[in-house]
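Values below: every heavy atom of this structure, side chains too, minus hydrogens, waters and symmetry copies. Chain letters run A, B, ... following the sequence lines, proteins first and then strands; every chain starts at 1.
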2 protein chains.
Amino acid sequence: MKSAIPETGVPITPPTAGNANDRQEASLHGEVLLRLRDYVVEGNIPEGARVPERQLCEMLGISRTPLREALKVLAAEGLIELLPNRGARVRQLSQRDLEELFDVMAGLESLAGRLACELITDEEIAAIERLHYEMYGHYLHRDMHGYFQINQQIHESIVAAARNETLKTTYANFAGRIRRVRYSANFARKRQRWGEAMREHEAILDALRRRAASELSDILFQHLRNKRSAAIDHLAEGQDTNLETTPQGD
Amino acid sequence: MKSAIPETGVPITPPTAGNANDRQEASLHGEVLLRLRDYVVEGNIPEGARVPERQLCEMLGISRTPLREALKVLAAEGLIELLPNRGARVRQLSQRDLEELFDVMAGLESLAGRLACELITDEEIAAIERLHYEMYGHYLHRDMHGYFQINQQIHESIVAAARNETLKTTYANFAGRIRRVRYSANFARKRQRWGEAMREHEAILDALRRRAASELSDILFQHLRNKRSAAIDHLAEGQDTNLETTPQGD
DNA sequence: GCCTCCATTTTTGCATTCATTTTTTGTCTT
DNA sequence: AAGACAAAAAATGAATGCAAAAATGGAGGC
């Protein structure tokens, strides 16, 4: 009997604080859902590994009923898969799955940009500009981590500017699914592609200033498509980092 | 004690045929999920109505455990909402919710068109052309029902041509959420708008033939945006429109 | 007559229990 | 020793039981 989950043995915190991250903060199964989702998204369970309910139960300090409810939801979200009578597994994402997910993300951000052009305020644009220049600073200092953090903030700002909660939620869902890979992809960002990504961000900002919806939509899609290529290439070639030849980035 | 659900009293069919509409066809809770989803999507439960678990249980002929699992999933899908300690309600969609949903649908179809341009075959385009002319026939005969049916087939063909299962699933999810309203929206489409829609479909087909991804993306978004306007206007002007009793379509 | 407060009933949330399926393990045969 | 079969163990799927919260209803007070 091999344990798929590292024996952290951290019981769930009693219903103390309502960590209102998503929904259903109060109920036990809601808390379990949040914790389990984070647990899976953060990659604490190996891909494709079997996850015995009993083990998760004692890890979280609950009975099987709320756990199974949470598992059903996570399966609906696409994070895990439930094989009939054979338990839950962390969903293994094939290369094709990743391509699809990145494309949908690209479509959602493309949509966000289009919608943002309709109602975004000058102040919001100014805020994004500030982020942009901050990011540029990180770029000049070759501070990849800082760059990535601001980069994500910019993309989230655009999604927020779309003023569409449904879109925001959906976007967050997909972001969670590929978060693990996203990190690898970001670490794969290399010099040359980095410059390209900066130029694309310039174009994004420019289109946003002019409220050019269709144009921004196109640019964002292409920008994310390039991200996709970087991520897929990175995964395809394995763990070794090829510095010169791979077109990776942002 | 008022019963929110019409007393159909139809017990769930024993695990006979695997109606593999979505996922989890075999297990009882999977069957329940499919049945409940259809039941809600088809509008058998009034919006915002309280749904006692016990009642659903005896309606489906099961115990509360699988039912509650299905409810959690439906809540995650956005079809119902679960208030802590206060049961499940059919999610009431505000006008703003509908606008958001339509916009996301528009974004997804826009993405589908963009992706379709990359790999769509001449045969697939020819099939869509045939559907187009068939739809045109319905238009000339003022056969609204036939028109909508083919119209839906065309949009689904475009989504299929995108060759992205993730997108397809997500699209189906959102389509389910607004199906109820969608039908009213179609009836709201008046003569003049009908002609517009036909012209837009001509443009869609034209862009598709030329594999003009960005252009098709724009046209599809606008096309769906116009649909949205029709739906929202219709709902705004007719508050007496009983959504529960309207049949399903488009 | 209407409102308030409290007891009763119902309903929800979770734990536990039971039945079925899968997986493991041990033994026997070739 | 390797494979096949069978029994045991464990895990899953679903039903039931129990405590807590909410809804209901009625008596009493204003």
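- Residues B:Leu79 and B:Val90 form no side-chain contact, since every pair of their non-hydrogen atoms from C-beta on lies 4.5 Å or further apart.
- Here the P atom of nucleotide D:dT12 and the NZ atom of A:Lys72 are 10 Å apart, to the nearest Å.
- Closest to the side chain of A:Glu53, from the set D:dA14, D:dT12, C:dA15, is D:dT12.
- Taking atom CG of residue B:Leu83 and atom P of nucleotide C:dT12, one finds them 11 Å apart after rounding to whole Å.
- The nearest whole Å value for the distance from the CG atom in B:Leu67 to the C1' atom in D:dT16 is 15 Å.
- Look at CG on B:Leu28: it is 18 Å from P on D:dT12, rounded to the nearest Å.
- Between B:Arg96 and B:Glu100, at least one side-chain N (NZ, or NE/NH1/NH2) sits under 4.0 Å from a carboxylate O, which counts as a salt bridge.
- Whole-Å rounding puts the B:Arg68 CZ to C:dT11 C1' distance at 10 Å.
- One can place CG of A:Leu56 at 13 Å from C1' of D:dA11, the figure rounded to the nearest angstrom.
- Here C:dT11 presents its C1' atom at 13 Å from CG of B:Leu71, a figure rounded to the nearest Å.
- The pair B:Arg64-B:Glu53 meets the salt-bridge criterion, with a side-chain N (NZ, NE, NH1 or NH2) lying under 4.0 Å from an Asp/Glu carboxylate O.
- Taking A:Arg225 as the reference, A:Asp103, B:Glu118 meet the salt bridge (charged side-chain N to carboxylate O under 4.0 Å, His left out) condition, with sequence neighbours excluded.
- Rounded to whole Å, atom P of D:dA15 lies 7 Å from atom CD1 of B:Ile62.
- Among C:dC14, D:dA14, D:dA15, the nucleotide with an atom closest to any side-chain atom of A:His29 is C:dC14.
- Between B:Glu69 and B:Lys72 there is no salt bridge, since no side-chain nitrogen of the basic residue lies less than 4.0 Å from a carboxylate oxygen of the acidic one.
- The side-chain hydrogen bond (donor to acceptor under 3.5 Å, both in side chains) test with B:Tyr171 is passed by exactly one of B:Glu156, B:His155, B:Glu109: B:Glu109.
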Do any N or O atoms of the protein come closer than 3.5 Å to N or O atoms of nucleotides 16-23 of chain C, and which pairs are they?
residue	atom	partner	partner atom	Å
C:dT16	O4	A:Thr65	OG1	3.3
C:dT23	OP1	A:Arg86	NE	3.1
C:dT23	OP1	A:Arg86	NH2	2.8
C:dT23	OP2	A:Arg86	NH2	3.3

